[in-house]
Undergrad: 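This is the structure I want to talk about, given as structure tokens.
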Protein chains: 2
Amino acid sequence: MSIDICALCPVREHALCSCLNDEERIVLNGLSQRRRVMAGETVMWAGDESRICANLQSGVLKVVAATTDGREQIVSLVYPADFVGEPYATEIAFTVTALSDAELCTFPRLLFERFLEEHARMGNLLLQRTLGALKDARARMLTLARLSAGEKVAGLLLDMAVRAGRHSYRPDQSEPVTFDLPMTRGHMADVLGMTIETVSRQLTKLKSAEVVVLSGARTITIVDGNALKKRAMAA
Amino acid sequence: MSIDICALCPVREHALCSCLNDEERIVLNGLSQRRRVMAGETVMWAGDESRICANLQSGVLKVVAATTDGREQIVSLVYPADFVGEPYATEIAFTVTALSDAELCTFPRLLFERFLEEHARMGNLLLQRTLGALKDARARMLTLARLSAGEKVAGLLLDMAVRAGRHSYRPDQSEPVTFDLPMTRGHMADVLGMTIETVSRQLTKLKSAEVVVLSGARTITIVDGNALKKRAMAA
DNA sequence: GCAGATCCTTGATCCAGATCAAGGCGGTTC
DNA sequence: GAACCGCCTTGATCTGGATCAAGGATCTGC
């Protein structure tokens with residue numbers, strides 16, 4: 001009998017399983033297996049059989065779509081408490097790789113699917129999260145296809161201020177915020193569908209315009225949130 | 001008591017409700033309302049309250065994301081038997097408009113959500129479809145961000161050959177297929193994130209290369225499916 | 001604190017696709 | 001059958017961002 005490891009879980013209040021009662025949670029825990037990955041390590045490969053699903057406990061992952069000739073696009077970033085994996089798919093469509101060291105709580109796909117079907121409340125919660133992810137993906141389609149480089153970078157900075165910096169950040173109330181960018185220029189370029197050089201130039205432009213301050217490559221202060229929002233345009 | 005209108009439904013075998021037994025289906029039917037829309041008419045507006053969900057019975061719809069200054073991107077095409085709407089959202093994020101005359105079987109959102117929660121099998125089916133839509137959206141993110149104009153057009157033609165032409169079409173077995181393009185050049189441009197002119201030029205290029213034959217603007221024959229697939233690159 | 005690697009910035013040039021502009025082709029109306 | 005209208009094609013030009021190229025900044029291990 002395994003001990004109640006969920007008690008120590010850093011995301012137990014926010015992950016999918018937060019909707020379960022103690023009894024149900026213990027059953028699900030019985031199916032789970034903890035896994036640690038190092039920055040740069042790949043969690044699942046496109047083309048492989050879909051064998052596991054997981055909740056992310058700590059760290060950040062990227063979900064990547066790629067052409068056969070090696071062009072890549074990050075289609076999603078996975079933060080702690082987010083669900084990752086492809087239930088009801090036999091073959092993995094998108095490669096998932098750790099951007100930082102990370103910890104996952106994994107489940108065998110087939111057992112996870114069975115559990116979902118037997119616990120409708122969790123099934124429903126996953127449905128709601130999947131609908132949210134779909135909305136996100138569609139919003140980003142607009143970004144990728146129709147926004148200029150300047151708009152893309154401004155929008156990503158605002159996103160990151162909220163997700164990686166203070167969750168409460170509102171650009172409107174323009175008190176400056178400082179935080180560490182959670183990714184390299186290269187990853188930003190992969191998220192936004194552009195090149196490293198263009199990302200760098202746009203950041204330099206924002207710096208010259210005194211909208212942001214860059215202290216070293218990774219630390220940023222948003223000085224004028226309103227100006228940044230104006231440059232981002234699309235909601 | 002309403003008559004059993006589902007018996008006449010053209011998509012009863014393929015829509016979400018196909019997983020229900022007779023009794024359940026009659027309950028759901030009690031919540032539904034048929035709606036006809038004309039080509040060009042908008043079914044739901046971004047920004048409005050999310051009041052209805054629906055199964056599409058006939059016709060084709062587009063789901064559109066737009067910036068405040070009017071740039072647009074089609075993020076999804078909805079075909080018969082597909083589900084459309086935004087359950088569990090209070091405000092509509094994407095405008096839905098008919099590309100052709102269309103018929104919908106609509107449900108009030110809140111009653112539909114309740115029904116989903118009380119009929120886990122349908123909830124699970126919607127989850128599977130939503131996961132499929134998410135995969136689609138992510139694949140299209142790669143297309144929008146990283147493929148060339150030529151690759152985009154070739155890929156869309158193959159897609160349409162399958163969805164709008166013969167469902168069984170396989171480009172590998174290169175017997176020619178003829179079908180009518182289900183949309184204008186303008187809509188193709190909106191789907192692919194480019195301009196009408198570029199779409200037109202790419203089609204002309206495919207014609208000159210004798211990969212396709214265009215008989216009038218709307219009828220197309222794919223002569224060399226393999227060549228077209230080669231030009232599309234990305235899976 | 002130095003060697004090497006990785007990441008970032010900046011400059012010069014190029015090009016795919018946007019934009020601007022001008023007809024051409026089918027349908028529809030009366 | 002003439003006039004119109006929406007859609008499509010083609011040509012000329014422009015430009016945002018990619019690509020090519022060369023350092024500069026930071027970090028890591030020893």
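Residue numbering restarts at 1 for every chain, and letters A, B, ... go by the order of the sequence lines.
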Undergrad: Provide, to the nearest angstrom, the distance between the CE atom belonging to A:M194 and the P atom belonging to C:dC8.
TA: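 After rounding, the reported distance stands at 14 Å.
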Undergrad: For residues B:F112 and B:F83, establish whether the separation of their ring centroids is below 6.0 Å.
TA: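 Yes.
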Undergrad: Tell me: NZ of A:K207 to P of D:dA25, nearest whole Å?
TA: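 The answer, rounded to whole Å, is 11 Å.
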Undergrad: Quickly work out the A:M183 CE to C:dC8 C1' distance and round it to whole Å.
TA: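 The distance from CE of A:M183 to C1' of C:dC8 comes to 16 Å, rounded to the nearest Å.
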Undergrad: Taking the side chain from B:S208 and the backbone from B:T204, do they hold a donor-acceptor pair closer than 3.5 Å?
TA: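 Indeed, once roles are kept as given, a pair shorter than 3.5 Å links the two residues.
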Undergrad: Using a heavy-atom cut-off of under 4.0 Å over every strand shown, decide if B:R218 touches base, sugar-phosphate, or nothing.
TA: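 Touches sugar-phosphate only.
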Undergrad: Tell me: NZ of A:K152 to P of D:dG16, nearest whole Å?
TA: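 Roughly 14 Å, once rounded to whole Å.
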Undergrad: Applying salt bridge (Lys or Arg N to Asp or Glu O under 4.0 Å) to B:E86 and B:R51, what does each step give before you reach the verdict?
TA: CA-CA 9 Å; B:E86 302 183 18; B:R51 284 182 303 97; over 6 Å; no
Undergrad: For C:dG17 and B:T198 - does any side-chain N or O of the residue sit under 4.0 Å from the phosphate oxygens OP1/OP2?
TA: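 No, B:T198 has no side-chain N/O under 4.0 Å of OP1/OP2 on C:dG17.
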Undergrad: C:dA18 P sits how many Å from B:D190 CG, rounded?
TA: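 In whole Å, C:dA18 P and B:D190 CG are 12 Å from each other.
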Undergrad: Report the residue (B:E197 or B:Q202) whose heavy-atom-nearest nucleotide on DNA chain C is the more 5′ of the two.
TA: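 The residue closer to the strand's 5' end, by nearest nucleotide, is B:Q202.
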Undergrad: Nearest whole Å is fine: how far is D:dG17 P from A:R201 CZ?
TA: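 A:R201 atom CZ is separated from D:dG17 atom P by 11 Å.
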Undergrad: Is B:T195 near enough to C:dA18 that one of its side-chain N or O atoms lies under 4.0 angstrom from OP1 or OP2?
TA: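 Yes.
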Undergrad: OP1, OP2 of D:dT10 versus side-chain N and O of B:T204: anything below 4.0 Å?
TA: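 For B:T204, the contact criterion (side-chain N or O under 4.0 Å from OP1 or OP2 of D:dT10) is met.
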Undergrad: With a 4.0 Å cut-off on heavy atoms, is A:I196 in touch with a base, just the backbone sugar-phosphate, or nothing at all?
TA: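 Base, at least one base heavy atom under 4.0 Å.
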Undergrad: Side chains of B:L214 and B:T219: does their closest heavy-atom pair fall under 4.5 Å?
TA: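 No - every pair of side-chain heavy atoms lies 4.5 Å or more apart.
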Undergrad: In whole angstrom, what separates B:R71's CZ from C:dA18's P?
TA: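 Those two atoms, CZ and P, are 14 Å apart.
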Undergrad: Side chains of A:V75 and A:V64: closer than 4.5 Å at any heavy-atom pair?
TA: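 SC-SC contact between A:V75 and A:V64 ruled out.
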Undergrad: Which residue lies toward the 5' end of DNA chain D, B:S200 or A:G150, if each is placed at its nearest nucleotide?
TA: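 With B:S200 and A:G150 compared, the 5'-side residue is B:S200.
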Undergrad: Atom CG of A:L192 and atom P of D:dG17: how far apart are they, to the nearest Å?
TA: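 Rounded to whole Å, this separation is 12 Å.
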